[in-house]
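Residue numbers begin at 1 in each chain, while the letters A, B, ... track the order of the sequences.
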Amino acid sequence: MKIATFNINGIKARIEALPAWLEIAKPDVAMLQEIKSVDEGFPSEIFEDMGYRVETHGQKSFNGVAILSRLPLEDVTRGLAGDDTDEQARYIEATVIGKTAVRLCCLYLPNGNPVPGPKYDYKLAWMDRLHARAKELLVQEIPFVMAGDYNIIEQDTDAAKPELWREDALALPTSRAAYRKIAALGLTNALRAKHPEAGLYSFWDYQAGAWQKNNGILIDHLLLSPQAADLLIDAGIDKNTRAGDKPSDHVPVWAQLDA
DNA sequence: ATGGTCGCAAGGCGA
């Protein structure tokens with residue numbers, strides 16, 4: 001089972017590039033972030049015609065997540081528990097039925113800038129809620145994959161120019177500590193497990209020629225429960241999608257599981 | 001330090 005995460009930065013703008021990538025990469029599951037669309041506005045038919053089931057959790061203009069799957073999906077839940085007043089569409093879960101059932105958690109973690117301020121407070125509170133959800137799932141001792149745009153530069157080697165991010169919500173020590181608290185529950189980063197080398201990135205800003213200069217950062221991850229990590233076969237980044245026509249500023253990251 | 005580029009949606013916010 002090949003599972004990918006991809007921040008597409010707007011489904012309307014990616015109406016050609018997303019199907020093109022699916023045709024080439026052929027993931028069984030694609031967890032999408034920043035669809036920037038309400039559920040009714042998501043062009044599900046395009047993907048259903050390609051053999052994918054489509055589950056969205058959208059909102060107008062901003063945020064929004066979705067799961068595309070060529071395998072059956074069950075028990076879809078929308079939103080991250082822990083704050084009934086949170087109206088931002090950043091989280092969706094579903095169970096994919098392959099050889100083995102795998103719980104999928106698709107997340108778009110808040111950016112958090114500017115710091116300090118309410119947006120940064122929201123980011124840290126959201127991470128506390130994600131930590132609580134990870135703990136709940138770990139108790140179940142099932143294969144699960146928590147994947148998406150974490151908006152965290154975990155370590156300096158995950159940025160081409162770490163000095164530019166020192167005061168940023170993506171790289172502050174408090175941000176990194178909150179991320180590591182989640183990972184330290186016992187989750188395995190699929191890409192790092194298979195590609196420990198530095199200099200792999202998943203995002204290049206549209207501005208200032210970041211792509212041409214390879215001024216990137218690694219912020220998109222698939223974190224695996226112990227039961228999922230036992231099934232890990234391979235992982236990678238589809239870097240070349242950034243060089244295509246009308247690309248997202250993120251590229252897909254994927255993991256192959258024996259599931 | 002500033003401005004640089006996109007997406008959504010139709011002006012300004014978010015990244």
So what does [X] touch, heavy atoms closer than 4.0 Å: a base, only the sugar-phosphate, or nothing?
X	result
A:R242	nothing
A:Y108	sugar-phosphate
A:I11	sugar-phosphate

Roughly how far apart, to the nearest Å, are [N] and [M] at atom [atom1]?
N	M	atom1	answer
B:dC13	B:dA9	P	16 Å
B:dT2	B:dC6	P	23 Å
B:dG14	B:dA1	P	24 Å
B:dG3	B:dG7	P	22 Å

Span of DNA chain B, from the first to the last nucleotide whose atoms fall under 4.0 Å of chain A heavy atoms: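 Nucleotide range in contact with chain A: B:dG4 to B:dA15.
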
Taking for each residue the nucleotide of DNA chain B bearing the nearest heavy atom, is the 5' side occupied by A:E34 or by A:A13?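 Its nearest nucleotide being more 5', the pick is A:A13.
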
Pick the closest DNA chain B nucleotide for A:G10 and for A:Q207 by heavy atoms, then say which residue is nearer the 5' end.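 On the 5' side of the pair lies A:Q207.
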
Identify, with sequence neighbours excluded, every residue that meets ring pair (Phe, Tyr, Trp, His ring centres under 6.0 Å) alongside A:F47.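 Partners of A:F47 by the ring pair (Phe, Tyr, Trp, His ring centres under 6.0 Å) criterion, ordered by chain and then number, come out as A:F42.
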
Applying ring pair (Phe, Tyr, Trp, His ring centres under 6.0 Å), can you list everything that pairs with A:W211, at least two apart in sequence or on another chain?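 Result, ring pair (Phe, Tyr, Trp, His ring centres under 6.0 Å) vs A:W211: A:W204.
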
Could you pull out all donor-acceptor pairs under 3.5 Å where a side-chain atom in residues 187-194 of chain A meets a protein atom, sequence neighbours excluded?
| residue | atom | partner | partner atom | Å |
| --- | --- | --- | --- | --- |
| A:N189 | OD1 | A:L191 | N | 3.1 |
| A:N189 | OD1 | A:R192 | N | 3.3 |
| A:N189 | ND2 | A:H221 | ND1 | 3.0 |
| A:R192 | NE | A:E154 | OE1 | 3.2 |
| A:R192 | NH1 | A:D158 | OD1 | 3.3 |
| A:R192 | NH2 | A:E154 | OE1 | 2.8 |
| A:R192 | NH2 | A:D158 | OD2 | 2.6 |
| A:K194 | NZ | A:I233 | O | 3.4 |

Check which hydrophobic residues are tied to A:L164 through side-chain heavy-atom contacts below 4.5 Å, counting indirect links as well, and list them.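 A:L164 shares its hydrophobic cluster with A:I153, A:W165, A:L170, A:F203, A:I217, A:I219.
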
Contacts under 3.5 angstrom, residues 21-28 of chain A side chains, donor-acceptor by atom type, not counting sequence neighbours:
| residue | atom | partner | partner atom | Å |
| --- | --- | --- | --- | --- |
| A:W21 | NE1 | A:D238 | OD2 | 2.8 |
| A:K26 | NZ | A:E23 | O | 2.7 |
| A:D28 | OD2 | A:K2 | N | 2.8 |

Below 4.5 Å, heavy atoms only, C-beta onward: do A:L185 and A:K135 meet side chain to side chain?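 When only atoms from C-beta onward are counted, A:K135 and A:L185 do touch, with a gap below 4.5 Å.
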
